[in-house]
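My questions will all concern the structure given below.
All values below come from the heavy atoms of this structure, side chains included, with hydrogens, waters and symmetry mates left out. So you know, we letter chains A, B, ... as the sequences are listed, proteins then strands, and number each from 1.
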Number of protein chains: 2
Amino acid sequence: MPNQKHKQMPQSDVIHAGDATLRNFVGYRMKRAFNVVQADLTKTLKPFDLRMLTYTALVLIVDNPGLRQSQLADAMDIERPNLVVLIDELERRELIVRDRVPTDRRAYALRATLAGRQLYEKAVAAVTLHENAILADLPQDLRTAMIEALKRIEKAHRGRS
Amino acid sequence: MPNQKHKQMPQSDVIHAGDATLRNFVGYRMKRAFNVVQADLTKTLKPFDLRMLTYTALVLIVDNPGLRQSQLADAMDIERPNLVVLIDELERRELIVRDRVPTDRRAYALRATLAGRQLYEKAVAAVTLHENAILADLPQDLRTAMIEALKRIEKAHRGRS
DNA sequence: GGTAAATAGATATGACGCATAACAATAATT
DNA sequence: AATTATTGTTATGCGTCATATCTATTTACC
């Protein structure tokens with residue numbers, strides 16, 4: 001989890017390394033900004049004993065009852081083996097269940113439990129507050145522009161081979 | 001390193017999980033877009049035997065001769081113990097040296113070697129091409145808006161305690 | 001001047017996110 | 001019927017991140 005240093009010294013006392021070269025790159029700025037988002041998101045989800053990946057998995061399962069693990073892995077853009085331990089954890093906490101699929105004995109249909117849906121509601125509400133705090137300094141036009149930019153970056157490489 | 005699946009099937013064959021709830025969050029979009037950037041950056045740096053963190057460290061050292069390890073850790077926003085192995089690796093490859101500081105026998109002044117500066121030039125050029133490819137779909141006004149948004153997100157939490 | 005506190009760098013360790021290889025069971029294709 | 005592909009799993013390793021603890025040295029304080 002990216003560090004967010006707690007000790008805040010006056011900026012005048014810190015001898016800064018010049019990072020102008022790195023700041024020329026949007027990717028670098030994205031990294032630094034996302035570190036801030038991720039650190040705050042981690043803090044936000046901790047009371048629910050969720051992490052970014054388990055939260056994402058839970059949301060996708062609640063919103064898509066019957067989802068297959070392979071579909072969930074695709075949606076999350078992670079490798080299937082890495083999903084197994086995430087699903088194991090959500091199942092162990094009784095937030096979801098793996099239902100057998102009569103027509104395909106290889107597959108499971110994932111389904112959220114009542115506890116899972118209730119945790120979903122709380123966690124999504126908390127993440128909404130986290131997001132509002134993170135974006136407090138951004139007027140709506142800047143948010144809209146940013147979303148459009150992020151869409152284009154993500155989309156531009158979906159067809160890459 | 002975030003997955004970028006190589007197998008590209010027609011989108012019409014994929015049964016998508018609806019991720020509308022997650023897409024409501026800018027943080028989620030940032031994560032997904034940054035995954036794309038990071039995957040491509042990893043590929044870009046691989047021929048130089050660099051990773052994102054060793055590349056960043058090298059750039060900051062080349063641009064700031066005499067930098068202390070604690071300053072570099074601050075600039076990179078990572079914990080000092082985690083910097084040690086990065087500096088070890090750059091030193092082993094003879095890209096940088098740890099100079100003793102006569103006035104402070106605890107500290108080292110980091111300095112890039114000729115090989116380090118040469119690798120810097122090549123890597124920065126490659127990262128520039130990677131960045132141009134990533135941002136090809138973004139008109140300048142969108143880039144400018146995005147940079148401003150990222151600045152505000154990063155800055156808004158610098159003073160947080 | 002002596003002592004306590006702070007700093008710089010280091011070692012060790014663990015959690016988590018990511019990748020790949022290989023496997024078994026099952027379904028789909030030829 | 002045989003072959004290929006798919007689904008989920010186990011195992012493993014690498015890299016990024018955090019924290020605890022340590023030694024050597026410098027700075028602050030009395």
Inset, instruction - Ignoring backbone atoms, establish whether Arg100(A) has a side-chain N or O less than 4.0 Å from OP1 or OP2 of dA25(C). - result: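 No.
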Inset, instruction - Taking only Lys NZ, Arg NE, NH1 and NH2, and the carboxylate oxygens of Asp or Glu, determine whether Glu121(A) and Arg117(A) approach each other closer than 4.0 Å. - result: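 Result for this pair is no, no salt bridge flagged.
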Legend entry - Atom-pair distance (CG on Leu67(A); P on dG8(D)), nearest Å: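 Whole-Å distance recorded here is 9 Å.
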Legend entry - Closest-nucleotide 5' rank along DNA chain C - winner of Asp104(A) and Asp104(B):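 Its nearest nucleotide being more 5', the pick is Asp104(B).
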Inset, instruction - Determine: side-chain N/O of Ser70(A) to OP1/OP2 of dG8(D), distance under 4.0 Å, yes or no. - result: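 Indeed, a polar side-chain atom of Ser70(A) lies that close.
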Legend entry - Euclidean distance, atom CG of residue Leu45(A) to atom C1' of dC16(C) [Å, nearest integer]: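 In whole Å, dC16(C) C1' and Leu45(A) CG are 14 Å from each other.
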Legend entry - DNA chain D: 5'-proximal contact among Leu86(B) and Ala109(A) (nearest heavy atom):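 Between the two, 5'-proximity favours Ala109(A).
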Inset, instruction - Round to the nearest Å and state the distance from Asp74(B) atom CG to dG9(C) atom C1'. - result: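 Going from CG in Asp74(B) over to C1' in dG9(C) covers 13 Å.
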Legend entry - Rounded distance (Å) that lies between atom C1' of dG8(D) and atom CG of Leu72(A):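 Answer to the nearest Å: 13 Å.
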Inset, instruction - Return the value, rounded to whole Å, for the distance between atom CG of Asn82(A) and atom P of dG15(D). - result: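 Result: 16 Å.
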Inset, instruction - Check every atom of dT9(D), dA10(C), dA8(C) against the side chain of Pro81(B) and return the nucleotide holding the closest atom. - result: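 So the side chain of Pro81(B) is nearest to dA10(C).
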Inset, instruction - Quickly work out the Glu79(A) CD to dG8(D) P distance and round it to whole Å. - result: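 In whole Å, dG8(D) P lies 14 Å from Glu79(A) CD.
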Legend entry - Salt-bridge criterion met for Glu91(A) and Arg98(A) (N-O under 4.0 Å):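 Between Arg98(A) and Glu91(A) there is a salt bridge, with a charged N closer than 4.0 Å to a carboxylate O.
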Legend entry - Nucleotide dG9(C), atom C1' - distance to CD1 of Ile78(B) in whole Å: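 From Ile78(B) CD1 to dG9(C) C1': 13 Å.
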Inset, instruction - Check whether the side chain of Arg51(B) and the base of dG15(D) form a donor-acceptor pair under 3.5 Å. - result: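 When only heavy-atom distances are counted, Arg51(B) does not reach the base of dG15(D) through any donor-acceptor pair under 3.5 Å.
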Inset, instruction - Establish whether the base of dT25(D) is bridged to the side chain of Arg105(B) by a donor-acceptor pair shorter than 3.5 Å. - result: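 Flag unset: no donor-acceptor pair detected.
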Inset, instruction - Check every strand shown and say whether Leu53(A) touches a base, only sugar-phosphate, or nothing at a heavy-atom separation below 4.0 Å. - result: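 The residue Leu53(A) makes sugar-phosphate contact but no base contact.
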Inset, instruction - Would you mind reading off the distance between Arg68(A) atom CZ and dT7(D) atom C1', rounded to a whole angstrom? - result: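 Value for this atom pair: 10 Å.
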Legend entry - Minimum side-chain heavy-atom gap Leu72(A)-Asn64(A) below 4.5 Å: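 Answer no - side chains too far apart.
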Inset, instruction - Return yes if the base of dG8(D) and the side-chain atoms of Arg80(A) contain a donor-acceptor N/O pair under 3.5 Å, otherwise no. - result: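 Answer yes: a donor N or O sits under 3.5 Å from an acceptor.
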Inset, instruction - Establish whether the base of dT26(D) is bridged to the side chain of Arg106(B) by a donor-acceptor pair shorter than 3.5 Å. - result: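 When only heavy-atom distances are counted, Arg106(B) does not reach the base of dT26(D) through any donor-acceptor pair under 3.5 Å.
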Inset, instruction - Return no unless some side-chain N or O of Gln38(B) is found under 4.0 Å from OP1 or OP2 of dG17(C). - result: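 It does not, given that no N or O in the side chain of Gln38(B) lies less than 4.0 Å from OP1 or OP2 of dG17(C).
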Legend entry - Side-chain heavy-atom pair Lys46(B), Arg51(B) within 4.5 angstrom cut-off: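 Lys46(B) does not reach Arg51(B) side chain to side chain.
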Legend entry - Under-4.0 Å salt bridge between Glu154(A) and Arg23(B):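 Salt bridge: yes.
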Legend entry - Gln69(B) side chain near dA10(C) phosphate (N/O to OP1/OP2, under 4.0 Å):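 For dA10(C), OP1/OP2 do have a side-chain N/O of Gln69(B) under 4.0 Å.
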